[in-house]
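Just below is one structure, and these are the notes that go with it.
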Amino acid sequence: MKVFVINGPNLNLLGTREPEIYGYDTLDSIAERCQELGAKEGLEIEFMQSNYEGQVVEWIQKAINTVDAIVINAAAYTHTSVAIHDALRAFKGYKVELHISNPHLRESFRHISYVSPVVNAVVAGLGVNGYEDVIEMLPCVLNRESGSSAA
Ligand code: CA2
């Protein structure tokens with residue numbers, strides 16, 4: 001099974017600033033761990049990051065009919081992007097919204113998500129370990145989903 005892990009703006013700075021919120025791991029090290037874990041679980045993980053909204057939209061469109069699941073940390077675009085919301089609506093595979101921090105414990109402008117209404121699940125506040133936690137649970141969830149749609 002194929003999975004896109006899509007990351008939005010500024011997440012390329014992970015491990016360099018604000019470690020009290022986002023920890024000390026770099027996005028590259030998280031990607032490496034997810035890919036190793038995914039390989040053990042039979043998942044082919046493509047891990048990507050962009051600071052551009054249009055690029056995130058293009059990756060979601062590329063996933064349509066080619067990928068089984070999207071894990072998306074849209075970062076600040078979570079709270080602003082109708083374009084990402086619309087693209088996610090068009091992707092009919094399994095979708096997980098992921099955040100390192102819990103946005104609901106932060107400023108009120110982070111309490112609104114344009115992503116949440118168009119995904120199957122939301123994971124937030126587990127730190128950077130949340131990425132691996134989601135990869136670990138995905139095979140189980142995807143198997144369950146394919147079973148239920150066949151029934
Ligand atoms: O908690 C998350 O994962 C967020 O999606 C991170 C976004 C933030 O806008 C969302 O409200 C919650 C910010 C990502 C910026 O990442 C940085 C990492 C290190 C240093 C500076 C920014």
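Read the numbers this way: they start at 1 and go in the same order the structure lists the ligands and their atoms.
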Fellow cluster residues of L13, listed by chain then number, with links counted only when side-chain atoms sit under 4.5 Å apart: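 L13 clusters with nothing; isolated.
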
Pair N51-E53, side chain to side chain donor-acceptor pair (under 3.5 Å): steps then yes or no: CA-CA 7 Å; N51 293 327; E53 187 176 17; over 6 Å; no

Side-chain heavy atoms of N143 within contact of M1, under 4.5 Å: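 Yes - at least one pair of side-chain heavy atoms lies under 4.5 Å apart.
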
Residues lining ligand 1 [heavy-atom distance under 4.0 Å, listed by chain and residue number]: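 Those residues closer than 4.0 Å to ligand 1 by some heavy atom are P9, N10, L11, L13, L14, R17, E18, Y22, N73, A75, A76, H79, H99, I100, S101, R110.
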
F109, CZ atom: more than 12 neighbouring heavy atoms under 6.0 Å: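 Enclosed: over 12 neighbouring heavy atoms sit under 6.0 Å from CZ of F109.
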
Sequence neighbours excluded, every pair satisfying side-chain hydrogen bond (donor to acceptor under 3.5 Å, both in side chains) that has a member inside residues 116-134: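 Of all non-adjacent pairs touching residues 116-134, those that pass side-chain hydrogen bond (donor to acceptor under 3.5 Å, both in side chains) are N7-Y131, R33-E132, N73-Y131, E97-S116, S113-S116.
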
Qualifying residues under ring-ring contact (aromatic ring centres under 6.0 Å, His included), relative to H79, sequence neighbours excluded: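 H79 satisfies ring-ring contact (aromatic ring centres under 6.0 Å, His included) with no other residue.
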
